[in-house]
Protein chains: 2
Amino acid sequence: MAGTTSGQAAGGSTAARAPEERRRRILEATVAVIRDRGFAGTRVTDIAAAAGTSSGLVLYHFGSLAGALTQALTHVEDVFYGELESELEAVPGPVDRLRLMADLASGAGPAVGDWTLWLELWVRALRDDDARAARESLDRRWRAALRRVVVEGAAAGVFHPADVAATTLRLSSLMDGLAIQLALAEPGMTPARFKRLWLDAAALELGVPAQAFRGRAARPVRRRTAS
Amino acid sequence: MAGTTSGQAAGGSTAARAPEERRRRILEATVAVIRDRGFAGTRVTDIAAAAGTSSGLVLYHFGSLAGALTQALTHVEDVFYGELESELEAVPGPVDRLRLMADLASGAGPAVGDWTLWLELWVRALRDDDARAARESLDRRWRAALRRVVVEGAAAGVFHPADVAATTLRLSSLMDGLAIQLALAEPGMTPARFKRLWLDAAALELGVPAQAFRGRAARPVRRRTAS
DNA sequence: GGCTATCCTGAATACTCGTTCAGATCGCCG
DNA sequence: CGGCGATCTGAACGAGTATTCAGGATAGCC
């Protein structure tokens with residue numbers, strides 16, 4: 001796309017001019033609509049309205065509704081991954097990193113804890129290959145990050161996992177399972193309880209006393225400057 | 001249902017006469033269609049075709065597509081619960097009961113381990129009240145059964161759960177999370193691995209050696225006579 | 001200034017699908 | 001027998017919606 005021989009390179013004038021900006025706005029609108037109406041309930045018109053444009057433009061940029069939905073998925077994937085990496089880098093030590101992951105997943109972060117969206121993604125992945133690929137990638141990255149923290153802790157002699165692969169898989173699956181309750185607003189399930197339940201399970205799995213993960217998080221989750 | 005004052009009571013002629021039979025067939029067809037096309041992809045015509053009748057009849061019996069979907073949910077709920085209860089009663093002792101639950105959930109039973117259907121249900125429950133109620137009821141029953149087994153084992157001095165409520169919630173959530181992998185046929189996830197991972201987690205939670213849950217299940221899961 | 005490619009709009013189009021409906025079929029009863 | 005209510009069918013209807021399309025605006029370029 002950047003390879004167009006001449007094109008409207010740069011230009012620099014008002015931001016409203018940039019079609020890239022428009023595209024991004026549409027993708028974010030698409031994500032928002034999926035989140036609150038679900039994949040099945042998302043109409044081209046809804047996306048256009050949420051993005052403040054016409055339905056024609058949505059199709060102009062993405063070819064079809066399915067195209068817009070798919071690209072929206074890769075867009076959240078990027079956002080999610082960027083956030084995860086930068087957050088994790090900012091915190092040292094396996095204990096605090098594990099706590100941070102619990103924070104992110106329990107909804108403190110803007111993208112990671114977006115469980116309604118993930119539920120939708122899972123179901124769509126049952127029958128749509130793009131969704132399946134997006135989910136798999138997301139899952140693999142999250143699990144890899146978790147594994148890294150576990151291994152790091154084990155190397156430091158802080159954690160004592162009996163089986164790293166099994167522990168990683170169980171802890172990430174437990175998160176998914178608890179997330180269902182959170183997404184459905186099951187009475188009694190709150191972000192705080194989610195964190196407590198998950199960290200206690202982590203303590204069991206890692207052979208450390210539950211107190212190791214109590215106390216405040218080392219640092220409040222950083223807010224994005226804007227959006 | 002047997003209480004109709006006069007109606008076409010009995011009659012005894014061909015089975016094709018009984019409208020109750022027809023209703024049931026339609027409900028089961030509905031469940032089958034939901035399972036393989038999803039709620040969003042289920043059409044009245046699909047249901048009619050799967051049940052071997054006309055779309056008119058589906059609407060005649062259930063009023064609307066939404067009505068058919070909802071009644072299909074309460075139908076699976078009944079089937080699920082009936083199966084769970086009868087299976088559990090047939091096995092004595094907390095250890096074997098826990099293993100049985102792992103078996104049922106990992107897909108050995110016809111209804112309980114029907115994870116594709118449950119995934120669909122979760123997402124529908126985000127926005128549909130009937131689905132929400134069905135899911136909550138299903139979840140509560142499953143969790144209650146699990147808790148009963150845990151308490152029973154604790155009373156017998158076999159299990160040593162630190163916190164029964166937390167353990168129950170974590171073990172059932174872990175199942176849900178693992179089930180996602182199973183439903184999506186994630187490479188590396190099989191019913192056997194599902195069982196192993198879950199039972200090992202149970203061993204940790206219940207303070208027993210993992211070996212306690214190894215070995216063969218006490219008894220193969222019973223097959224329904226027909227359907 | 002004219003020309004062109006890009007970006008954008010909203011009405012028109014075509015199609016899918018839930019629901020309605022005008023009847024067929026059939027067992028039963030008076 | 002003739003009527004009746006319950007069950008069942010499939011064609012017709014109409015609402016909703018993705019996609020197409022005929023153009024309008026704008027910016028850069030010759």
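Just so it is clear, the model here is predicted, and its values are computed rather than measured. To find a chain, count down the sequence lines: A is the first, B the second, and so on, and within it residues start at 1.
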- Measure from CZ on A/R25 to C1' on C/dC8 and round the result to the nearest Å. 13 Å

- Message: How many whole angstroms separate atom CD of A/E21 from atom P of C/dC7?
- Response: 14 Å

- Of B/T30, B/D36, B/V31, the one forming a side chain to side chain contact (heavy atoms under 4.5 Å, CB included) with B/I34 is B/T30

- Query: Tell me: CD of B/E20 to P of D/dC8, nearest whole Å?
  - Reply: 10 Å

- From NE2 of A/H61 across to P of C/dT9 the rounded distance in Å is 9 Å

- Item | Check: B/W115 side chain, B/A105 main-chain N or O, donor-acceptor pair, under 3.5 Å | yes

- Item | Mutual orientation of the aromatic rings belonging to B/F80 and B/W118 [parallel < 30°, tilted 30-60°, perpendicular > 60°] | perpendicular

- Message: If I take atom CZ in residue A/F62 and atom P in nucleotide C/dC8, what distance separates them, rounded to the nearest angstrom?
- Response: 11 Å

- Between the main-chain N or O of A/L171 and the side-chain N or O of A/W198, is there a donor-acceptor pair closer than 3.5 Å? yes

- Query: Do B/M175 and B/F194 come within less than 4.5 Å of each other through their side chains, counting heavy atoms only?
  - Reply: yes

- So, is B/R22 close to the D/dT9 phosphate, meaning a side-chain N or O under 4.0 Å from OP1 or OP2? yes

- Query: Distance check: side-chain N/O of B/Y60 vs OP1/OP2 of D/dT7, anything under 4.0 Å?
  - Reply: yes

Show me the donor-acceptor pairs within less than 3.5 Å that the side chains of residues 40-49 of chain B make with the rest of the protein, sequence neighbours left out.
unit_1, atom_1, unit_2, atom_2, d
B/T42, OG1, B/G38, O, 2.7
B/R43, NH1, B/A40, O, 3.4
B/R43, NH2, B/A40, O, 3.4
B/D46, OD2, B/R43, N, 3.1

- Item | Heavy-atom check, side chain of B/L197 versus side chain of B/M189, under 4.5 Å | yes

Kindly give the atom pairs (protein nitrogen or oxygen, nucleotide nitrogen or oxygen) under 3.5 Å for nucleotides 18-20 of chain C.
unit_1, atom_1, unit_2, atom_2, d
C/dG18, OP2, B/V44, N, 3.1
C/dT19, OP2, B/L65, N, 2.8

- For the helix from C/dG1-D/dC30 to C/dG30-D/dC1, how many degrees between its two end axes (five pairs per end), to the nearest 10°? 30°

- Figure out the CD1/C1' separation between A/I47 and D/dA18, and round it to whole Å. 11 Å

- Message: Exactly one of A/E89, A/E152, A/E87 should register a salt bridge (Lys or Arg N to Asp or Glu O under 4.0 Å) with A/R97. Which one does?
- Response: A/E152

- Query: Can A/E28 and A/R24 be said to form a salt bridge (Lys or Arg N to Asp or Glu O under 4.0 Å), step by step?
  - Reply: CA-CA 6 Å; A/E28 276 164 15; A/R24 206 178 49 78; 2.9 Å; yes

